[in-house]
Amino acid sequence: MAEENKIPLLDCPVDYLVGDASGKLMNEYGRFPCKIMCGVYAFMARGSARATIDITEHEFHENDLLMIQPGTFLLIHEFSDDALVYYFLFSSSFIEKNTFSNRLSMVPRNIPQMVVRVPDQNVPIIKGMVNLMMQASNCQPSMLTTAKMIPIFNLLNASYVEYAAKHQQQSTQPQDRRTEILQEYSNLVMKHYAEWHHVSEYADAMHLTLPHLCSTIKSVSGRTAGDMIIDAIMTDAKSQLKITNLQVKEIALSLGFENVAFFNRFFKAHTGMTPKEYRLS
């Protein structure tokens, strides 16, 4: 993919895109968190990277496969200079209009890891498939159509689920109850951060005592349960300030703050600047 043909920042402008991107290009998207509205399957063909997906930081290495669902927050920290990423993007409209008639769906969030390792013997197949599809897409007229991309979408989804299952089976440390609590808590935070601002609300929903939930999250993740809620709120706030024209009051209300003055103080306490200053920075 040519450097000037930049990857869509939020949603895919057409039903699908297939291509590759260098580490240099990907680093241009690390300025602020954004909410990805398209479905993404990305394969790290070379190099490494770090990024925060929702509220969890991940590392990516050569031969890793990543899936990102629509509605996911993404903040790129760094791609190595030699990085090369193959990607498939499926627009939100593509997924929505094909969900019922073709039973399309992205992998659910309850899979423990978003990054899975592709077995060595399968790497040449994936690279060959992506290169072949890029050629089919770029030829005139294109050999790809929306209808032809539906089975490709399902193939990518099935492959990801298979690799994720193998990764779990090969893990030397089986998932224990503390890890399950962290996973359940993280999922609840991403679902309810705009309405539940207190850890006690999550403890009640999970039928756990507040001290037990807080100590478990801290021991497993190294972060406090409260900080994870704050991270989710701040990620959404920063994203809206940078990529929408909504007024600060509207953003505050969407995040559960009825008092815009309190939202301003909250935002400044965690960034050192007001929402308006951040928007202009």
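Values below: all heavy atoms of this structure, side chains included; hydrogens, waters and symmetry mates excluded.
- One distance of note links CD1 of Ile217 with CD1 of Ile181; it measures 7.0 Å at 0.5 Å rounding.
- The side-chain heavy atoms of Thr56 and Thr52, taken from C-beta on, include no pair separated by under 4.5 Å.
- No more than 12 heavy atoms of other residues, nucleotides or ligands shown are found within 6.0 angstrom of NE2 on His198.
- From Asp54, atom CG reaches atom OH of Tyr193 across 8.0 Å, with rounding to the nearest 0.5 Å.
- No more than 12 heavy atoms of other residues, nucleotides or ligands lie within 6.0 Å of CE in Met143, so this atom counts as exposed by the packing criterion.
- Between Phe88 and Leu156, the closest side-chain pair of non-hydrogen atoms falls below 4.5 Å.
- Here the side chains of Leu25 and Phe79 are not in contact, with every heavy-atom distance at 4.5 Å or above.
- Nearest heavy-atom pair, Val118 versus Phe43, reported as atom, atom and distance to 0.1 Å: CG2-CE1, 3.8 Å.
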Please determine whether side chain to side chain contact (heavy atoms under 4.5 Å, CB included) holds for the pair Thr209 and Leu213, giving the CA-CA distance in whole Å, both sets of side-chain angles, and the decisive distance to 0.1 Å.
CA-CA 6 Å; Thr209 65; Leu213 176 60; over 6 Å; no
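- Among pairs with a residue in residues 213-231, those fulfilling side-chain hydrogen bond (donor to acceptor under 3.5 Å, both in side chains) read Arg178-Ser219, Arg223-Asp231, Thr224-Asp227, at least two apart in sequence or across chains.
- Taking each heavy atom of Asp82 and Arg46 in turn, the nearest pair found is O-NE, 2.7 Å.
- Between Tyr202 and Tyr185, the distance from one ring center to the other falls under 6.0 angstrom.
- Ring geometry for Tyr160 versus Tyr41: interplanar angle over 60°, hence perpendicular rather than tilted (30 to 60°).
- Taking NE2 of His77 as the start and NE2 of His58 as the end, the distance is 10.0 Å to the nearest 0.5 Å.
- Minimum heavy-atom separation, Ile36 to Val40: CG2-CG2, 4.0 Å.
- Listed by first and then second residue, the side-chain hydrogen bond (donor to acceptor under 3.5 Å, both in side chains) pairs that reach into residues 141-153 are Asp15-Thr146, sequence neighbours excluded.
- Residue pairs meeting the salt bridge (Lys or Arg N to Asp or Glu O under 4.0 Å) criterion with at least one member in residues 195-212, sequence neighbours excluded, do not occur.
- The closest side-chain heavy-atom distance from Leu74 to Ile76 is below 4.5 Å.
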Would you check, one step at a time, whether the test side chain to side chain contact (heavy atoms under 4.5 Å, CB included) holds for Val14 with Ser91?
CA-CA 7 Å; Val14 292; Ser91 72; over 6 Å; no
Please determine whether side chain to side chain contact (heavy atoms under 4.5 Å, CB included) holds for the pair Val85 and Asp20, giving the CA-CA distance in whole Å, both sets of side-chain angles, and the decisive distance to 0.1 Å.
CA-CA 5 Å; Val85 181; Asp20 57 23; over 6 Å; no
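- Leu75 and Phe73 fall into different hydrophobic clusters, where Ile, Leu, Val, Met, Phe, Trp and Tyr side chains are chained together by heavy-atom contacts under 4.5 Å.
- Looking at Glu277 and Arg279, their side chains never come closer than 4.5 Å, going by heavy atoms from C-beta outward.
- Although no hydrogens or angles enter the test, the distance criterion places a donor-acceptor pair under 3.5 Å between the side chain of Ser159 and the main chain of Leu155.
- Ring centroids of Phe263 and Phe257 are separated by less than 6.0 Å, placing the two rings close together.
- Classification of the Phe262-Phe266 ring pair by plane angle, with boundaries at 30° and 60°, yields tilted.
- Using a 4.5 Å heavy-atom threshold, the side chains of Glu184 and Leu208 count as separate.
- Residue pairs meeting the salt bridge (Lys or Arg N to Asp or Glu O under 4.0 Å) criterion with at least one partner in residues 63-76, sequence neighbours excluded, are Asp64-Arg117.
- Rounding to the nearest 0.5 angstrom, the gap separating the OG1 atom in Thr235 from the CD1 atom in Ile53 is 12.0 Å.
- Formation of a donor-acceptor pair under 3.5 Å by the Ser80 side chain with backbone atoms of Ser48 is found in this model.
- Cys38 approaches Cys12 most closely through the heavy-atom pair CB-N, 3.8 Å.
- In this structure, Asn157 contributes its side chain and Phe153 its backbone to no donor-acceptor pair below 3.5 Å.
- Residues Leu188 and Ala205 share a closest heavy-atom pair of CD1-CB, 4.5 Å.
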Show every donor-acceptor pair shorter than 3.5 Å between a side-chain atom in residues 121-141 and any protein atom, with sequence neighbours excluded, or say none if there are none.
unit_1	atom_1	unit_2	atom_2	d
Asn122	ND2	Tyr163	OH	3.1
Asn131	ND2	Lys127	O	3.0
Asn138	ND2	Met134	O	3.0

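- Atom-to-atom distance recorded for Lys24:NZ and Asp81:CG is 10.0 Å, nearest 0.5 angstrom.
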Donor-acceptor contacts, no H, no angles, side chain residues 240-256, under 3.5 Å, sequence neighbours left out:
unit_1	atom_1	unit_2	atom_2	d
Gln240	NE2	Asp236	OD1	3.0
Gln240	NE2	Ser254	OG	3.1
Lys242	NZ	Tyr278	O	3.1
Lys242	NZ	Ser281	O	2.7
Thr244	OG1	Gln240	O	2.5
Thr244	OG1	Leu246	N	3.3
Glu250	OE1	Gln247	N	2.8
Ser254	OG	Ile251	O	2.7

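- Inter-residue side-chain proximity for His61 and Met44 is flagged as unmet; no heavy-atom pair is nearer than 4.5 Å.
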Audit row: Ser92, Asp11, side-chain hydrogen bond (donor to acceptor under 3.5 Å, both in side chains) steps and yes/no:
CA-CA 7 Å; Ser92 57; Asp11 204 347; 2.5 Å; yes
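- Note: His270 NE2 to Lys238 NZ = 10.0 Å, rounded to the nearest 0.5 Å.
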